[in-house]
K.L.:
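The structure under discussion is supplied below as structure tokens; questions concerning it will follow.
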2 protein chains.
Amino acid sequence: MAPAPVDASTRDRIRDAALALFGRHGYAGASVRDIAVRAGVSPALVIHHFGSKEALRAECDALIVDEIMGRKESLLDGEPGDLAATMQRWLADVDSHRASLDYLTRMITDGGAAGERLFDDLVARTRAMIDQGVAAGTMRAGSDPAMTAVIIATHGLVPLLLEHHLGRALGEQGLSPALVRRMTLPTLELYTHGLYSSPAILEAASAALAGSPETSRGPRSDKGAGDPNQDPDPPAAPASDP
Amino acid sequence: MAPAPVDASTRDRIRDAALALFGRHGYAGASVRDIAVRAGVSPALVIHHFGSKEALRAECDALIVDEIMGRKESLLDGEPGDLAATMQRWLADVDSHRASLDYLTRMITDGGAAGERLFDDLVARTRAMIDQGVAAGTMRAGSDPAMTAVIIATHGLVPLLLEHHLGRALGEQGLSPALVRRMTLPTLELYTHGLYSSPAILEAASAALAGSPETSRGPRSDKGAGDPNQDPDPPAAPASDP
DNA sequence: CACCACACTAAACGATCGTTCAGCGCGCCG
DNA sequence: CGGCGCGCTGAACGATCGTTTAGTGTGGTG
């Protein structure tokens, strides 16, 4: 990896240092002084070049957006799947893109206009990819395409958001290439066969929601949440303890 | 909602204020003075009661863990699914549990021993639930049960982690009960039928991975290992840096 | 009443934050 | 050569941070 090439311009070195530290510690957690030390300059020079810490952040945002969306094509011109393709490429060698991926995670979690645009674009591209897959017959059409696209897109972000937990829970530190590869098959299994072996739960939930379209006081089956990790019994079963 | 009941003890009021502000702005983003103002006391009293800001955080952690795991049962005694069931109940009316859910999100994302234990426990319970489902015949057994449990568990956390984006992308603000309900069917569809209409992609990826178990120069099928969703990959956190 | 424990506060301390300021050195242009 | 722009720095400013200190009032107990 080449975090801080000495031959780069001083301004670029500061920007790269900011990108690395914002990504690792968050915007609030990375001080201008820390950034200056990493870039080998004085804190005053950081402000001199960028005007303020917030403006420096904006420039980092723009750089990452460029890197994700592709420098040469506009946001929506490429193939629908190329955002995912870009991320795939990044996955191939994690280490060299670690700073960018860290920063991307912060953009999505820290909240901000740039992060919102990035997320919305990711959802839009996922939606287009699904529509294309449905048209080609390789994917199933869901009952709520907009929501399905959001769900699929967010599921794709999980390894980014929970990298640390994923690595730790599986005996590695961080998200190694080996871990990424290990995720492939179980993920594809889930997206090919699902988890449930019968449509009983889906049908039960569907019937329950159709029966109580508004806030349901009645059926205890309001499983609303996004996870299937609810108890394996059908929606009618009550959930127990407080 | 009742954020600060006046009749509660002062100590509890401080703790509740800290929980709300830590959840909303993060640990670093919420100052002792802010917490004191919200609790209607002086900043010094916060330290007087809890010793330090970090100790206050620890008490908030413990409170939330208690609330999630259930006050009366030990962490692993209950039914395998009851952690998910608890989250289900919380999501059923998000507004009244807003502070706890926000804090839970921070615990998982901010990194810390309590958050790690929480995550690991969630994965363990998810694993147990899947094993139980497989034994009962209601779920399919995956090729990598440990990884499958991690994936399913993390997918369940998505609505929490990306609440803001989810709401915005779907035209609401935050995670409304209506939105939670709307997620139910598409999620269950995904977990029942999957996304792909044929096992072709899974089989291709399976063959490719079997052919190159170690660092693969990559199946040239552009989608090969990749599916729509896996985008991510994060950086690890090495120890050192200036 | 005397005494003390304790909830509680005002003020301040030292550290660190983002930012400003005055100035230094050096290369370029007249 | 003289001046000037500019990359760059050390020092400082004011704000805010977590925490400490010294102290006040009050209520219970001897």
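Within every chain, numbering begins at 1; the chains are lettered A, B, ... in the order of the sequence lines, protein sequences first and strands thereafter. No hydrogens, no waters, no symmetry mates; every other heavy atom, side chains included, goes into these values. The structure presented is a predicted model; accordingly, all values stated were derived computationally and were not measured.
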K.L.:
dC17(C) P sits how many Å from L56(A) CG, rounded?
P.N.:
15 Å
K.L.:
For the backbone of V46(B) and the side chain of K53(B), can you confirm whether one donor and one acceptor N or O come within less than 3.5 Å of each other?
P.N.:
no
K.L.:
If we ignore hydrogens and angles and just use 3.5 Å, is the side chain of Y103(B) paired with the main-chain N or O of A18(B) as donor and acceptor?
P.N.:
no
K.L.:
Using whole Å, what does the distance between atom P of nucleotide dG18(C) and atom CD of E54(A) come to?
P.N.:
12 Å
K.L.:
Any protein N or O atoms within reach of nucleotides 8-10 of chain C? Criterion: under 3.5 Å, listing atom names and distances.
P.N.:
residue : atom : partner : partner atom : Å
dC8(C)  : OP1  : T10(B)  : OG1          : 2.7
dC8(C)  : OP2  : H49(B)  : NE2          : 3.1
dT9(C)  : OP2  : S42(B)  : N            : 2.8
dT9(C)  : OP2  : S42(B)  : OG           : 3.0

K.L.:
Is it true that, when you exclude Q173(B) itself, more than 12 heavy atoms of the residues, nucleotides or ligands shown sit nearer than 6.0 Å to its CD?
P.N.:
no
K.L.:
Which part of the nucleic acid, if any, lies within reach of A30(B) when heavy atoms closer than 4.0 Å are counted: base, sugar-phosphate only, or nothing?
P.N.:
sugar-phosphate
K.L.:
Rounded to the nearest Å, what distance is computed from the NZ atom of residue K53(B) to the C1' atom of nucleotide dT16(D)?
P.N.:
12 Å
K.L.:
Whole angstrom is fine here: how far is it from CG in D34(A) over to P in dA15(C)?
P.N.:
17 Å
K.L.:
Provide the closest heavy-atom pair for A114(A) versus M107(A) in the form atom of the first, atom of the second, distance.
P.N.:
CB-CE, 3.5 Å
K.L.:
Nearest-Å distance, CD1 (I47(B)) to P (dG18(D))?
P.N.:
8 Å
K.L.:
Residues two or more places apart in sequence or in another chain: which of them pass salt bridge (Lys or Arg N to Asp or Glu O under 4.0 Å) with D34(B)?
P.N.:
none
K.L.:
Pairs in or reaching into residues 33-59 of chain B: which pass ring-ring contact (aromatic ring centres under 6.0 Å, His included), with residues at least two apart or in two chains?
P.N.:
none
K.L.:
What's the NE2-P distance between H25(B) and dC17(D), to the nearest Å?
P.N.:
12 Å
K.L.:
Between dT9(D) atom P and R33(A) atom CZ, what is the distance in whole Å?
P.N.:
14 Å
K.L.:
Round to the nearest Å and state the distance from F50(A) atom CZ to dT20(C) atom C1'.
P.N.:
18 Å
